[in-house]
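Along the sequence shown, residues are numbered consecutively beginning with 1.
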Amino acid sequence: MPKRETTPITVLGGGAKRRPERRFTRKKQLGDLEKLVMDYLWSVNTPTTVREVHEAISLHRSLAYTTVMTVMNRLARKDLLTQHRDSRAHRFSPTQAQSELVANMMVDALHEAHEPNGRSTALMRFVGKVGVDELATLRRTLAELDDATLRGRSA
């Protein structure tokens with residue numbers, strides 16, 4: 001049989017237009033099964049069918065194929081997965097890296113602090129709760145950003 005080309009199609013929930021900046025809002029938090037599906041898709045790092053995801057997840061948890069399909073379609077409506085048509089099958093891939101999703105969730109959580117100085121207080125509490133390694137990474141990242149800003153000003 002001749003090999004067919006893959007034609008990408010993007011599935012968006014409710015006919016909504018894609019926003020220029022992906023925001024992961026509180027209403028779109030991931031459930032346990034959604035996390036499991038996303039973790040698997042990030043790990044394989046290639047467009048994957050529902051059947052492939054179902055087979056992988058079913059090794060650890062008993063789930064119906066239709067349950068996995070429903071979860072993946074929900075994730076597509078949440079703009080977390082893109083659906084690609086591949087012959088008769090559909091393949092799904094994450095719309096963003098896991099680190100990008102987590103960063104967006106952190107920014108969205110920060111925006112929830114509305115009281116005066118709420119964001120500053122939330123940041124201070126966050127920094128107080130992270131481990132030594134994360135704190136070192138934050139310090140290093142801030143120093144790199146400072147250096148880049150200074151280099152940009154002198155250029």
Flag side-chain contact, heavy atom, 4.5 Å: T46 against L41: no
Step-by-step side-chain contact (heavy atoms from CB on, under 4.5 Å) determination, L80 to Q96: CA-CA 7 Å; L80 295 174; Q96 56 193 313; 3.6 Å; yes
Nearest non-hydrogen partners of L81 and M72, listed with the distance: CD1-O, 3.6 Å
Linked, directly or transitively: V102 and L30 (ILVMFWY side chains, under 4.5 Å): no
Side-chain heavy-atom pair L75, M38 within 4.5 angstrom cut-off: yes
Worked check of side-chain contact (heavy atoms from CB on, under 4.5 Å) between F92 and T82: CA-CA 6 Å; F92 292 82; T82 299; over 6 Å; no
Single-linkage hydrophobic cluster, 4.5 Å side-chain cutoff, L110 and M105 together: no
Using a 3.5 Å cut-off and no angle test, enumerate the donor-acceptor pairs between side-chain atoms of residues 117-129 and protein atoms at least two apart in sequence or in another chain.
| unit_1 | atom_1 | unit_2 | atom_2 | d |
| --- | --- | --- | --- | --- |
| R119 | NH2 | H111 | ND1 | 2.8 |
| T121 | OG1 | N117 | O | 2.9 |

Nearest heavy-atom neighbours spanning V130 and L135: CG2-N, 4.0 Å
Residue list, side chain to side chain contact (heavy atoms under 4.5 Å, CB included) with A64, at least two apart or on another chain: T66, T67
Side-chain (S58) to main-chain (E55) donor-acceptor, under 3.5 angstrom: no
R74 CZ to M69 CE distance, which is reported to the nearest 0.5 Å: 11.5 Å
Validation row: T48, Y40 side chains within 4.5 angstrom (heavy atoms): yes
Over 12 foreign heavy atoms within 6.0 Å of CG, D147: yes
Test log, rule side-chain contact (heavy atoms from CB on, under 4.5 Å), inputs D39 and Q98: CA-CA 8 Å; D39 285 342; Q98 184 177 27; 3.5 Å; yes
Distance-only side-chain donor-acceptor flag, S93 / H84, under 3.5 Å: yes
Polar side-chain atom of E112 near backbone of A109 as donor-acceptor pair, under 3.5 Å: no
Under 3.5 Å: donor-acceptor pair, side chain of T49, backbone of H90: no
pair L33-R61: side-chain heavy atoms closer than 4.5 Å: yes
Under 3.5 Å donor-acceptor, E34 side chain and G31 backbone: yes
Residue pairs, two or more places apart or on separate chains, that pass ring-ring contact (aromatic ring centres under 6.0 Å, His included) and touch residues 41-64: H54-Y65
